[in-house]
Amino acid sequence: MASMPSARAAPDALARRGARAQPAWRRPVRHHAACARVRRDARLGTCAYASSSAPTARASGAGGGGHLAVGGDARLSGLVRVGGAKNAVLALLAGTLACSEPVTLTNVPDLRDVRSMIAVLESVGAKVTRLNESTGDARTVSDVDGLGTLRVDCSRITSSAFTIDTVSKLRASFFAAGPMLARTGWVEMPLPGGCAIGARPVDLHLRGFEALGARVRVTEEGTVVATTAVGDDDDADGACRSTAPLRGRADMSLRFPSVGATHSLMTAAALAEGTTVIRGAAAEPEVADLARMLNAAGADIRGAGTDTITVRGVGDAKAAARMANDSKKKGVLDVASVASLGGCAHRAIPDRIEAGTFLVAAAVTRSSIELEPVILNHVRSTMDVLEAFGCAFETSAVSEKSRTENENETSREVRLRVIPPASRTDARPVTFATAPFPGVPTDMQPQLCVLASAASGVSFCRETVFESRVAHVEQLRLMGVDAVAEGETVTVRGGATTGESEVSDEQNAYAYETRDVFGSDLRATAALVLAGLCAKGTTRVFGLEHLDRGYERLDEKLRALGADVARREE
Ligand code: EPZ
């Protein structure tokens with residue numbers, strides 16, 4: 001078995017884009033001689049180790065598919081309901097693989113990514129139904145519109161090998177690798193490959209699996225095979241091989257607080273035998289939400305939401321061996337569990353990035369709107385940038401008291417009103433750098449660049465989490481925004497006019513010309529919609545295939561706030 005790659009990464013494609021400036025943790029790790037092949041595959045976007053921007057994003061930005069026709073000079077008013085958090089729900093769904101009894105998830109948004117993750121779970125035997133809470137009626141999700149409440153039953157795992165067909169639609173599928181490895185002692189998971197915002201390697205996940213006692217290798221085709229089995233491992237289906245749970249690790253540290261690696265390793269450690277301490281963990285609210293669900297299902301996780309997480313695993317090697325023998329005797333074909341949690345009911349947290357996107361929509365259209373539910377602590381850093389811009393905020397109780405259990409001051413849900421600066425000249429330039437939570441979320445960076453374009457003066461927006469998350473800048477420039485991306489920093493000269501005519505304070509619109517613009521990823525497309533609200537005339541924003549992955553009915557919600565936004569499917 002090839003040994004794990006050393007962290008010393010030699011410069012590659014990224015080097016041509018000034019990777020020299022990249023901190024070590026951002027350079028893809030390299031293998032030995034096989035690496036050349038891996039790199040070749042990576043350039044084809046099939047392997048995460050050294051991949052560069054996958055071709056798909058740009059291709060999809062080339063004017064194909066539907067668009068939103070966004071009317072400019074918009075004014076918004078009213079209340080918008082914030083849905084469940086996409087990035088929490090994806091992790092929660094992957095985490096249900098650790099549970100051998102049904103999990104009921106509520107506040108689940110109907111998003112393309114959520115449906116892709118459900119397909120990933122169903123591909124290994126999970127039964128996922130949408131529950132109608134009032135009638136109790138359970139329907140398969142493919143037959144229904146709207147999700148809301150899901151019952152996820154992973155009591156039977158029919159395979160621990162994920163196929164490229166299901167996982168290739170969703171990078172976050174890789175979050176399921178840790179739970180599956182911990183549950184069955186075996187996982188086969190294709191490498192996710194890079195995307196428009198960066199190489200996005202998964203070396204931290206793989207190193208973590210090794211630290212928990214698993215053996216890890218990457219096949220010729222770019223599939224990760226990880227197992228706790230000892231001895232020869234060449235027959236693909238791990239049904240009757242591994243009996244050992246993972247082993248807790250007292251000192252596991254992540255060189256970067258990767259959200260996905262923290263989700264995956266925290267869940268895996270919950271099923272390990274012994275205690276694991278993850279230092280340098282991601283502290284994102286989505287991590288704390290996953291820990292809350294796993295604890296409700298019988299795990300013992302403490303410190304989630306901070307950079308040090310302690311997990312006392314439920315794994316028990318002797319019990320696992322007994323279970324495996326029993327299922328062998330019974331000739332059970334399902335993949336045997338080496339460890340598992342029970343079931344539970346859990347409500348996903350509200351989406352802080354959707355909330356942040358609407359806050360920016362209000363600020364750039366100089367409108368006052370209300371949002372609920374919002375957890376202030378989750379959007380604090382975004383609010384700080386908006387306050388620097390000149391916005392003010394008011395909070396009040398949510399109309400629908402939805403969170404009752406384990407609600408404390410930091411996770412209390414409120415209704416949030418945003419009050420924009422009185423005039424354009426009161427809209428001050430901003431300077432921010434993205435960072436892991438509690439820093440400014442990288443998923444708000446493109447939208448905050450649009451905010452900067454509405455300020456009177458020069459703003460500096462620095463991206464420190466992903467190495468190529470600036471594709472929106474080129475599209476904003478097409479609309480007449482004076483923005484330049486150099487290395488990690490986007491410099492935006494706001495309120496500037498590139499058109500011949502100044503715009504008065506009364507008018508909401510800036511000098512943006514209407515054009516067809518193309519989103520290359522989820523947040524970039526949302527940012528272009530926000531810019532369209534401020535343009536003169538109607539802007540056609542292409543890239544719905546990205547937008548629908550992370551925003552539930554964004555056009556409808558904007559229309560309900562008074563915007564002129566129409567969806568064109570052609
Ligand atoms: C999650 O992605 C989110 N996705 C992303 O949101 C978000 O941008 C990101 O966290 C950061 O907040 C979901 O939750 C589904 P990471 P994830 O592992 O987990 C490097 C959106 O728009 N890294 O924290 O994949 C990596 O390359 C999406 O909703 C390694 O080097 O992000 C990146 O530069 C986009 N090795 C940085 O860490 C690893 O093994 C952060 O990645 C893992 C990550």
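One-based numbering, in listed order, for ligands and for the atoms of each. Throughout, residue positions are numbered sequentially from 1 according to the sequence presented.
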Would you say Lys86 contacts ligand 1, with heavy atoms under 4.0 Å as the rule? yes
Per-pair distances, 0.1 Å, donor-acceptor, side chain in residues 526-533, under 3.5 Å, sequence neighbours excluded:
none

Which one of Phe174, Phe256, Phe175 has a non-hydrogen atom at the shortest distance from atom 41 (C) of ligand 1? Phe256
Given Asp443, Thr464, Val259, which has its nearest heavy atom closest to atom 21 (C) of ligand 1? Asp443
Examine the proximity of ligand 1 to His205 and report which part, side chain or backbone, both or neither, has a heavy atom under 4.0 Å away. both
Of the backbone atoms (N, CA, C, O) and the side-chain heavy atoms from C-beta on, which set of Arg469 has a member under 4.0 Å from an atom of ligand 1: side chain, backbone, both, or neither? side chain
Compute the shortest N/O to N/O distance between Arg523 and ligand 1 and return yes if it is under 3.5 Å, no if not. yes
Could you say whether the N/O atoms of Arg200 and ligand 1 ever approach to under 3.5 Å? yes
Quick one: does Leu522 get an N or O within less than 3.5 Å of an N or O on ligand 1? no
Any N or O of Leu204 that comes nearer than 3.5 Å to an N or O of ligand 1? yes
Is the contact between Ala172 and ligand 1 made by the side chain, the backbone, both, or neither, using heavy atoms and a 4.0 Å cut-off? side chain
Can you say whether the rings of His378 and Phe437 are parallel (under 30°), tilted (30 to 60°) or perpendicular (over 60°)? perpendicular
Asn87-ligand 1 polar pair, N/O distance under 3.5 Å: yes
Give yes if a backbone or side-chain nitrogen or oxygen of Gly260 is under 3.5 Å from a nitrogen or oxygen of ligand 1, and no if not. yes
Write down the atom of Met189, the atom of Ser173, and the distance for their closest heavy-atom approach. CE-O, 3.1 Å
Does Arg567 pair with Asp548 as a salt bridge, N-O distance under 4.0 Å? yes
Heavy-atom distances under 4.0 Å are what count here, so tell me which part of Asp113 touches ligand 1: side chain, backbone, both or neither. neither
Distance under 4.0 Å to a non-hydrogen atom of Val465: what atoms of ligand 1 satisfy this? 33 (C), 34 (O), 37 (C), 41 (C)
Return yes when Phe437 approaches ligand 1 closer than 4.0 angstrom through a heavy atom, no otherwise. no
Report yes if Glu284 has an N/O atom closer than 3.5 Å to an N/O atom of ligand 1; otherwise report no. no
Check this for me, if you would: do Asp251 and Arg249 make a salt bridge, where the nitrogen-to-carboxylate-oxygen distance has to be below 4.0 angstrom? yes
Is it the side chain (CB and beyond), the backbone, both or neither of Thr442 that lies under 4.0 Å from ligand 1, heavy atoms counted? side chain
Does ligand 1 have any atom that is closer than 4.0 Å to a heavy atom of Pro201? yes
Please collect all salt bridge (Lys or Arg N to Asp or Glu O under 4.0 Å) contacts where either partner lies in residues 438-452, sequence neighbours excluded, each pair once. Asp443-Arg469
For ligand 1 and Leu90, I'd like to know whether there is a polar contact (N/O to N/O, distance under 3.5 Å). no
Do Gln447 and Thr357 have a side chain donor and acceptor closer than 3.5 Å? yes
